[in-house]
Amino acid sequence: MGGAEVSRVAVTPAAAELIRRLSEAHGPLMFHQSGGCCDGSAPMCYPLGEFRTGAADVLLGSLEVEGVAEPVGFWMSAEQFERWRHTHLTVDVVPGRGSGFSLEAPEGVRFLIRSRLLDPPG
């Protein structure tokens with residue numbers, strides 16, 4: 001991409017508020033999206049380091065959320081990234097129950113991804 005930094009991930013105001021609350025309760029956070037079936041295709045929020053990333057994962061970016069001391073890394077499985085590499089992802093939150101493994105599950109809401117094509121380099 002010509003060496004220019006491309007924004008691949010963002011957060012809605014509603015998701016930012018939830019991230020602030022989760023950060024206050026659990027400390028530094030991270031997201032991972034595996035691309036598996038069912039809940040595996042949803043972004044999962046974990047305490048930083050609780051989900052172990054490796055060579056099979058891609059760091060899409062770090063979410064800077066006002067009121068959260070540390071950036072929140074957003075990781076995706078490399079296999080999923082191959083299918084989504086041309087998209088910009090926005091982390092949002094909606095009512096409903098998501099995965100029991102993601103930190104927001106007890107809140108009665110779940111994170112989800114809204115996507116669009118990346119803006120052309122310009």
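All residue numbers refer to positions in the sequence shown, counting from 1. All values reported here derive from a predicted model rather than from experimental measurement.
With values rounded to the nearest 0.5 angstrom, His32 atom NE2 is found 9.5 Å from Leu60 atom CG. The CZ atom of Phe111 sits 5.0 Å away from atom SG of Cys45, with the distance rounded to the nearest 0.5 Å. Interatomic distance, NE2 of His88 versus CG of Leu118, reported as 7.5 Å (0.5 Å rounding). Interatomic distance, Ile113 CD1 to Asp92 CG, rounded to the nearest 0.5 Å: 9.0 Å.
Among residue pairs with one or both ends in residues 43-65, none qualify as salt bridge (charged side-chain N to carboxylate O under 4.0 Å, His left out); sequence neighbours excluded. Among pairs with a residue in residues 19-33, those fulfilling salt bridge (charged side-chain N to carboxylate O under 4.0 Å, His left out) read Glu17-Arg20, Arg21-Glu107, at least two apart in sequence or across chains.
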**CA sep, side-chain torsions, deciding dist, call: Arg110, Glu104, side chain to side chain contact (heavy atoms under 4.5 Å, CB included)** = CA-CA 6 Å; Arg110 62 187 178 91; Glu104 81 281 4; 4.0 Å; yes

**Request:** Please test Tyr46 against His26 for side chain to side chain contact (heavy atoms under 4.5 Å, CB included), starting from the C-alpha separation and ending with a verdict.
**Result:** CA-CA 9 Å; Tyr46 300 100; His26 301 282; over 6 Å; no

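Inspection of the Ser77 and Glu79 side chains reveals no N or O donor paired with an N or O acceptor under 3.5 Å.
Here the options are Leu63, Val91, Val11, the test is side chain to side chain contact (heavy atoms under 4.5 Å, CB included), and the partner is Val72; only Leu63 passes.
Under a cut-off of 6.0 angstrom, the local environment of CZ in Arg83 is crowded, with over 12 non-hydrogen atoms contributed by other residues, nucleotides or ligands.
Residues Val93 and Ala15 share a closest heavy-atom pair of CG1-N, 3.7 Å. The two residues Leu22 and Leu103 make their nearest non-hydrogen contact at CD2-O, 3.8 Å.
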